[in-house]
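Written out below as structure tokens is the structure these notes cover.
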Amino acid sequence: MSNLMSNYSPLDVTFAKGRGCWLTDTSGKRYFDALSGVGVVNLGHCHPKITQSIIEQSQELLHTSNWYRIGHQEELAVRLCKLANMDKVFFSNSGAEANEAAIKIARLFARQKGIDIPVILTAKESFHGRTMATLSATGSSKVQAGFSPLMSEFIHVDFDDVDAINQYSDNKNIVAVMLEPIQGEAGVIIPQQDYLNEVKAVCEKNDWLFILDEVQSGMGRSGKLFAHQYNDLTPDVLCLAKGLGNGVPIGACLAKGRAAEMLIAGTHGSTFGGNPLVCKVALSVLDVFEEDAILENVNAMSDYINNQLKKNLEDCSAVTQIRVKGLMIGIGLDENIIDCTQLLQKALEDELLINITGNSIRLLPPLIITQQEVDILIKKIIKLINA
Ligand SMILES: Cc1ncc(COP(=O)(O)O)c(C=O)c1O
């Protein structure tokens, strides 16, 4: 009998130690972590520079609250704004909270425009978090089940279809479009190259905010620091979390221009948000990206994985599609041929950690993965699918 609430159904394994792409369980068995704690430990488990940063900062100062200035927070804001071409940042503790801040910004933007019932367009199959606002924004009835009344001011449109957004141009209540540049929880759904540019153009035409949720696709995961940088555009609001802290809880809502001026004193806050520890660690994460040429590795390993998967699995009847962008990898499976419900456990028995979402295998391996480790991963995936 566990005293934990039953909202998770964890696999029956407990990890004691992690290094790079590898986790060791309490019995000493080693596993290849192809999920990185759901896209969080992008620099690998216990990266020495991150561990050092945690040690050093914990000896100086952990927390003071946002009632006082926080040097590391100010420094992190400068660096993130420069990297993302944004103006201002609000720091939260999670992805959902970063998105909550974005939704509140859209609400305040609506007030300025005199809109009483502001509506945000989001995508079907999207995932934006588990708070009431973000689960309402999420385009999944499974995530929403049991939690009505939802916030009704979200309209879910088809992803990767600009016409589905454009058709709301006459609706005076729309204030923003909120999208993931690559849908992660849906199984790594990559839109056509021009989609984000076309949506941005519709937002500009209608004076809507363009909010990008890069909680999963950001921080190098896609092969660019931010996935929207594959397009020549800057969003009005950009949400980050997961890999920003490599395991310490930090989220960030970045905004540009008018959107950056919406949150004024007293309108939003978080006790823990952006404390000295998490900001120092996030600064170290950015240092590692520069010092260790992380993006170069992501792109090299992405090409290699893509080729290997296609070479070995394209002719496999159980595989319907192989989707790769950076180190976001989705392998679509034919459920008539393969029982997806068994795959997590089977992978675990082969000392491999993956995710199954719908009828896809999702892989988010650490961005520091080596070619030898890719070979191990590919071998295990082929074995899993052919078993
Ligand atoms: C795109 C996206 N947005 C938001 C979230 C929610 O983040 P968190 O679980 O940190 O609240 C996730 C988590 O998987 C995500 O993938």
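Just so it is clear, the structure is predicted and the values come from calculations on it, not from any experiment. In listed order, ligands and their atoms are each counted from 1.
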Shared hydrophobic cluster, I382 / L363 (ILVMFWY, side-chain heavy atoms < 4.5 Å)
yes

Check ligand 1 against [X] and write out every atom of the ligand that is under 4.0 Å from a heavy-atom position of the residue.
X: E180; answer: 1 (C)
X: N99; answer: 3 (N), 4 (C)
X: F127; answer: 1 (C), 2 (C), 3 (N), 5 (C), 6 (C), 12 (C), 13 (C), 14 (O), 15 (C)
X: S94; answer: 10 (O), 11 (O)

Heavy-atom proximity to [atom], best of [options]:
atom: atom 5 (C) of ligand 1; options: N93, V215, L179, V38; result: V215
atom: atom 4 (C) of ligand 1; options: Q216, H128, Q183, E185; result: H128
atom: atom 7 (O) of ligand 1; options: S92, G129, G184, G95; result: G95

Looking at [Y], is its backbone amide N or carbonyl O close enough to the side chain of [X] to form a donor-acceptor pair, meaning the two atoms are under 3.5 Å apart?
X: S136; Y: M151; value: yes
X: T138; Y: H128; value: yes
X: K242; Y: G95; value: no

Yes or no, since that's all I need: does a protein heavy atom fall within a distance strictly under 4.0 Å of atom 9 (O) of ligand 1?
no

Flag the pair R221 and E214 as a salt bridge only when some basic side-chain nitrogen lies within less than 4.0 angstrom of an acidic carboxylate oxygen.
no

Do the charged groups of D207 and R258 touch, with an N to O distance under 4.0 Å?
yes

Could you tell me the residue and atom name of the protein heavy atom closest to [atom], and the distance to it rounded to 0.1 Å?
atom: atom 3 (N) of ligand 1; value: D213 OD2, 2.7 Å
atom: atom 14 (O) of ligand 1; value: K242 NZ, 3.0 Å
atom: atom 11 (O) of ligand 1; value: A96 N, 2.8 Å

Which bit of T134 gets closer than 4.0 Å to ligand 1, counting heavy atoms only: side chain, backbone, both or neither?
neither

Hydrogens and angles aside, do E100 and T131 bring a side-chain donor and acceptor to less than 3.5 Å of each other?
yes

W22-F32 aromatic ring centre distance below 6.0 Å:
yes

